[in-house]
> 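Quick one: the structure is below, and I'll ask about it shortly.
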Amino acid sequence: MEKRELGKSGLQVAPWAFGGNVFGWTIDEPTSFKLLDAFVDAGFNFIDTADVYSAWVPGNKGGESEIIIGNWLKQRGNREQLVIATKVGSEMGPGKKGLSKNYIRQAVEDSLRRLQTDYIDLYQSHRDDPDTPQEETLQAYAELIKEGKVRAIGASNFTADRLRSALEISQQQGLPRYETLQPDYNLYDRADFERELEPLCLEHNLGVINYFALASGFLTGKYRSEDDFKKSQRGGGMKKYLNDRGFRILKVLDEVAERYNATPAEVSLAWLIARPSITAPIASATKIEQLQDLAKATELKLDSAAVDQLTQASA
């Protein structure tokens, strides 16, 4: 399996990250274990989660995804073979959010405990915190790296201006830099990333691990009318994609998929993997068949004609 480096971190990952937002939300622990086993058996090694997953589910309080991953790591004894990424900063309760030094110190211990590990490979700022100086945040990460609790750091949902300023502070003050960016990016949602963030990531050799790689399932092709919305818990969010551009993208996805004897999901992910800026798209699966589909995408090499066709259709 081809491995790619996350920025300049030294961390080597296969070109697809399993999105841990489904653990404790749309799938329970036994199903999560089966999917994680199949993921690793297929040669993959990169799992992305966050402390807040999945606090939005009634009855949950956050940390459920990390707990499931931690239980699985302990049972399988395979921690050293994996790259585990999690995030800090989203609201976990009253007064429990942001990127202040004190809060990061508290939150990292909670994540380590839930993950049942003594280090996090990639610790990410889940969202920008304008109320905390970036120097303070980066200093907190520097201490965690020195203590061996974190190996590398990343940013998620940052604007280009704020990411650039963080990189400048790291360089000027000799602090660890964000090695990765986690943006919302896929064949449909392109403009925000490509306009300013993509050139910045390429210039500074940052790894990009984009989320919503399949546009919450729209790019699998299973949502083609409002009648399809009831197919999953995510169906309600599909309405924004059902427009002329969305249907144009699906039409070309179908054509390319037929040519390669593949599925629209495989082609969508393969298009992302082929982009020079992308290190490993994040996508989740809730069934073994979906996981096998996504795994095949990493072996699918689209020719330049197919890549151009998809790029133009989704422009």
Side-chain angles (χ1 to χ4, degrees), residues 1-24 27 29-51 53 63-88 104-105 107-126 140-156 176-180 182 206-209 211 273 279-285 288 291-292 294-295 298-299:
M1 173 84 58
E2 170 206 6
K3 293 284 199 298
R4 299 172 168 191
E5 187 175 3
L6 289 172
K8 299 176 184 172
S9 68
L11 298 170
Q12 300 283 331
V13 298
W16 164 38
F18 197 108
N21 60 326
V22 291
F23 303 142
I27 52 175
E29 185 166 293
T31 308
S32 302
F33 278 29
K34 280 181 199 158
L35 286 159
L36 286 168
D37 287 341
F39 180 72
V40 170
D41 288 347
F44 297 95
N45 69 332
F46 188 21
I47 301 165
D48 177 78
T49 185
D51 56 4
Y53 298 166
E64 289 79 13
S65 174
E66 289 182 333
I67 287 168
I68 287 172
I69 294 167
N71 289 342
W72 175 75
L73 289 170
K74 188 175 185 189
Q75 277 200 23
R76 300 298 182 261
N78 58 356
R79 174 68 185 95
E80 288 175 14
Q81 283 93 61
L82 292 154
V83 174
I84 304 291
T86 191
K87 309 180 200 75
V88 58
I104 288 173
R105 299 285 327 192
V108 76
E109 297 301 336
D110 291 341
S111 284
L112 289 167
R113 187 184 71 253
R114 288 189 291 258
L115 289 164
Q116 300 188 55
T117 181
D118 51 11
Y119 67 97
I120 292 162
D121 296 290
L122 180 66
Y123 201 35
Q124 302 158 93
S125 297
H126 203 160
Y141 289 143
E143 290 174 13
L144 293 177
I145 290 171
K146 193 174 177 187
E147 291 164 18
K149 290 177 179 177
V150 168
R151 294 178 69 190
I153 57 170
S156 177
R177 69 166 205 158
Y178 289 128
E179 293 294 347
T180 59
Q182 188 170 145
L206 265 59
V208 177
I209 50 175
Y211 67 90
I273 291 168
T279 311
I282 299 167
S284 50
I288 294 291
L291 188 139
Q292 291 165 340
L294 298 176
T298 64
E299 297 163 20

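The figures that follow rest on heavy atoms only: side chains count, while hydrogens, waters and symmetry mates do not.
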> Test K149 against E143 for salt bridge (charged side-chain N to carboxylate O under 4.0 Å, His left out), laying out the working first.
CA-CA 9 Å; K149 290 177 179 177; E143 290 174 13; over 6 Å; no
> To check you understand the geometry: which heavy-atom pair defines the closest contact between K87 and Y53, and what is its length?
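Heavy-atom minimum between the residues: NZ-OH, 3.2 Å.
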> Side chains of L11 and F46, heavy atoms from C-beta outward: is any pair under 4.5 Å?
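Heavy-atom side-chain distance check fails, nothing below 4.5 Å.
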> Are T86 and S111 linked by a side-chain donor-acceptor pair shorter than 3.5 Å?
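No.
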> For side-chain contact (heavy atoms from CB on, under 4.5 Å), just list the numbers for D51 and D110, CA-CA rounded to whole Å, side-chain angles, deciding distance to a tenth of an Å, and then say yes or no.
CA-CA 8 Å; D51 56 4; D110 291 341; over 6 Å; no
> Applying side-chain contact (heavy atoms from CB on, under 4.5 Å), run through V150 and Y119 and close with a yes or a no.
CA-CA 5 Å; V150 168; Y119 67 97; over 6 Å; no
> Which pairs pass salt bridge (Lys or Arg N to Asp or Glu O under 4.0 Å) with one or both residues in residues 63-76, sequence neighbours excluded?
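Listed once each, the pairs are D37-R76, E66-R114.
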> Start with the C-alpha distance between D48 and Y211, add both sets of side-chain angles, then the distance that settles side-chain contact (heavy atoms from CB on, under 4.5 Å), and finish with yes or no.
CA-CA 10 Å; D48 177 78; Y211 67 90; over 6 Å; no
> Quick one: are I120 and L112 in side-chain contact, heavy atoms under 4.5 Å?
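A side-chain contact exists here, since the closest heavy-atom pair is under 4.5 Å.
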> Report the distance from atom CG of L36 to atom CH2 of W72, rounding to the nearest 0.5 Å.
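L36 atom CG to W72 atom CH2 measures 5.0 Å (nearest 0.5 Å).
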> Using side chain to side chain donor-acceptor pair (under 3.5 Å) as the criterion, list what pairs up with N45, not counting sequence neighbours.
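Testing N45 for side chain to side chain donor-acceptor pair (under 3.5 Å), a comparison that skips the adjacent residues, returns none.
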> If you compare all heavy atoms of P281 against all heavy atoms of P15, which two are closest, and at what distance to 0.1 Å?
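Looking at all heavy atoms of both residues, the shortest contact is CD-O, 3.1 Å.
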> Looking only at non-hydrogen atoms, find the nearest pair between D121 and V83 and report the distance.
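Heavy atoms only, the tightest pair is OD2-CA, 3.4 Å.
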> Show me the pairs that pass salt bridge (Lys or Arg N to Asp or Glu O under 4.0 Å) and involve residues 1-18, at least two apart or across chains.
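Residue pairs passing salt bridge (Lys or Arg N to Asp or Glu O under 4.0 Å), neighbours aside: E2-R4.
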> With rounding to the nearest 0.5 Å, note down the distance linking CD in Q182 to OG1 in T279.
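The distance works out to 11.5 Å.
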> Sequence neighbours excluded, which residues qualify as side chain to side chain donor-acceptor pair (under 3.5 Å) partners of S9?
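With neighbours one apart ignored, the set is empty.
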> Under 4.0 Å between a Lys/Arg side-chain N and an Asp/Glu carboxylate O for E147 and R105?
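A salt bridge is present here (some side-chain N lies under 4.0 Å from a carboxylate O).
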> Not counting sequence neighbours, which residues clear side chain to side chain donor-acceptor pair (under 3.5 Å) with Q116? List them please.
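Partners of Q116 by the side chain to side chain donor-acceptor pair (under 3.5 Å) criterion, ordered by chain and then number, come out as N71.
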> Only counting residues at least two apart or in another chain, list the ones meeting side chain to side chain donor-acceptor pair (under 3.5 Å) with Y123.
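Scan of Y123 (side chain to side chain donor-acceptor pair (under 3.5 Å), adjacent residues dropped) gives none.
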> What's the spacing between D118 CG and R79 CZ if we round to 0.5 Å?
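Here the interatomic distance stands at 8.0 Å.
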> So which of T180, L206, V208 actually passes side-chain contact (heavy atoms from CB on, under 4.5 Å) with L6?
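Per the side-chain contact (heavy atoms from CB on, under 4.5 Å) rule, the option paired with L6 is T180, out of T180, L206, V208.
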> Using a 6.0 Å cut-off, check whether atom CD of Q81 has over 12 heavy atoms from anything other than its own residue.
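Correct, the count exceeds 12.
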> Check whether any side-chain N or O of S284 sits under 3.5 Å from a backbone N or O of V22 as a donor-acceptor pair, and report yes or no.
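Checked: no pair found.
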> Hey, what do you get for CG (L73) to OG1 (T117), rounding to the nearest 0.5 Å?
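Those atoms lie 7.0 Å apart.
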> Is the F44-W16 ring centre distance short of 6.0 angstrom?
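Aromatic pair counts; centres sit under 6.0 Å.
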> Could you measure the distance from the CG atom of L115 to the CD1 atom of I69? Nearest 0.5 Å is fine.
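So the gap between those two atoms works out to 6.0 Å.
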> Which heavy atom in T49 sits nearest to a heavy atom in G20, and how many Å separate them?
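Here T49 and G20 meet closest at OG1-O, 4.3 Å.
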> Between atom CG of L144 and atom CD1 of I104, what is the distance when rounded to the nearest 0.5 Å?
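So the gap between those two atoms works out to 7.5 Å.
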> What heavy-atom pair brings L122 and G154 nearest, and what distance separates the two atoms?
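Where L122 meets G154 most closely, the heavy atoms are CD1-N, 3.8 Å.
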> Would you say T31 and F23 make side-chain contact, with heavy atoms under 4.5 Å?
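The answer is no; the side chains never approach within 4.5 Å.
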> Under 3.5 Å, is there a donor on one side chain and an acceptor on the other for S125 and Y141?
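There is such a pair between these side chains.
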> Taking all non-hydrogen atoms of both residues, which atom of S32 and which atom of I68 are closest, and how far apart?
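Smallest heavy-atom distance, with atoms named: CB-CG2, 3.6 Å.
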